[in-house]
Amino acid sequence: MKIVKEFKEFIMRGNVMDLAVGVIIGGAFGAIVTSLTDDIISPILGIFGGMDFSDLVLDINGAHIAYGKFITAVINFLIMALIIFLLVKAVNKVMSLGKKKEAEPEPTTKVCPCCFTEIDIRATRCPHCTSEITDEK
């Protein structure tokens with residue numbers, strides 16, 4: 001029964017639940033985009049081209065090749081990819097609005113003006129060349 005316990009832990013992890021919700025919403029959103037393409041975009045393009053993409057068919061020796069449906073699927077994909085890109089871009093922008101920019105950390109070292117080795121910022125004398133370090137800038 002160890003496998004059942006491991007499976008339960010796997011399913012209850014947040015990432016799996018988020019993925020499941022994303023797949024369900026993505027499926028529903030895909031239906032909306034398909035309807036947009038089939039019911040609005042293809043007929044509008046058909047006005048200018050004289051036909052709907054889904055009507056484009058090629059018959060070769062009894063083979064029925066519906067390449068118009070493929071064109072419609074490509075249009076669906078491009079619309080879906082564009083909308084997802086815009087959504088991700090918007091979400092990233094909203095997420096970045098609430099974040100404060102991290103301040104640059106204070107330096108902990110400085111360079112000796114005589115031998116150019118890196119030394120502790122609190123040092124008054126270089127441990128390498130023994131020259132006296134002044135904090136003049």
Side-chain angles (χ1 to χ4, degrees):
M1 287 298 150
K2 181 180 176 186
I3 195 162
V4 173
K5 181 182 175 191
E6 290 176 3
F7 181 70
K8 183 179 176 184
E9 288 174 6
F10 172 75
I11 291 296
M12 298 309 283
R13 238 190 282 167
N15 295 346
V16 174
M17 293 303 214
D18 292 343
L19 180 63
V21 169
V23 167
I24 292 168
I25 290 174
F29 188 69
I32 292 171
V33 171
T34 300
S35 175
L36 172 70
T37 306
D38 291 345
D39 301 331
I40 297 173
I41 293 175
S42 289
I44 289 173
L45 293 175
I47 291 171
F48 300 110
M51 65 182 345
D52 191 4
F53 282 135
S54 59
D55 295 335
L56 298 175
V57 177
L58 185 63
D59 286 320
I60 301 175
N61 291 335
H64 188 72
I65 302 171
Y67 68 94
K69 290 182 181 181
F70 176 75
I71 293 172
T72 301
V74 170
I75 292 171
N76 285 350
F77 171 77
L78 293 175
I79 292 170
M80 182 84 78
L82 175 67
I83 291 173
I84 289 172
F85 169 75
L86 294 174
L87 283 173
V88 168
K89 191 171 179 170
V91 167
N92 287 341
K93 186 167 187 152
V94 168
M95 296 295 283
S96 69
L97 291 178
K99 292 183 180 178
K100 294 181 182 176
K101 292 185 178 179
E102 292 182 18
E104 228 174 90
E106 293 291 322
T108 58
T109 60
K110 60 184 173 183
V111 176
C112 173
C114 297
C115 67
F116 301 104
T117 57
E118 197 170 289
I119 58 174
D120 191 281
I121 199 160
R122 300 170 294 177
T124 56
R125 193 171 288 276
C126 179
H128 301 283
C129 67
T130 68
S131 63
E132 196 168 326
I133 308 294
T134 58
D135 288 329
E136 295 176 8
K137 295 195 179 185

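- The nearest pair of heavy atoms linking Cys115 to His128 is SG-CB, 4.2 Å.
- Rounded to the nearest 0.5 angstrom, Thr108 OG1 and Ile119 CD1 are separated by 11.5 Å.
- Enclosure of atom NZ in Lys69 is not indicated, since only 12 or fewer non-hydrogen atoms of other residues, nucleotides or ligands lie within 6.0 angstrom.
- Hydrophobic clustering places Ile71 together with Leu58 (ILVMFWY residues linked when any side-chain heavy atoms are closer than 4.5 Å, directly or through intermediates).
- For the pair Ser35 (side chain) and Ala31 (backbone), a donor-acceptor distance under 3.5 Å is absent.
- To the nearest 0.5 Å, atom OG1 of residue Thr34 and atom CD1 of residue Ile75 are 11.5 Å apart.
- Transitive grouping of hydrophobic side chains (ILVMFWY, heavy atoms separated by less than 4.5 Å) brings Ile84 and Val33 into a common cluster.
- Distance check: Ile24 CD1 to Leu19 CG gives 10.0 Å after rounding to the nearest 0.5 Å.
- Here the straight-line distance linking atom CZ of Phe116 with atom SG of Cys129 works out to 10.0 Å at 0.5 Å rounding.
- Taken from CG in Asp39 to CD1 in Ile32, the straight-line distance is 12.0 Å, to the nearest 0.5 Å.
- With hydrophobic clusters built from ILVMFWY side chains whose heavy atoms lie under 4.5 angstrom apart, Phe77 shares a cluster with Val74.
- With hydrophobic clusters built from ILVMFWY side chains whose heavy atoms lie under 4.5 angstrom apart, Phe29 shares a cluster with Val88.
- Cluster membership check: Ile83 does not share its hydrophobic cluster with Leu78, using side-chain heavy-atom separations under 4.5 Å among Ile, Leu, Val, Met, Phe, Trp and Tyr.
- Rounded to the nearest 0.5 angstrom, Ile133 CD1 and Cys112 SG are separated by 4.0 Å.
- The shortest non-hydrogen separation linking Asp59 to His64 is OD1-ND1, 3.0 Å.
- Taking a 6.0 Å sphere around CD1 of Ile3, one finds it holds 12 or fewer heavy atoms contributed by other residues, nucleotides or ligands.
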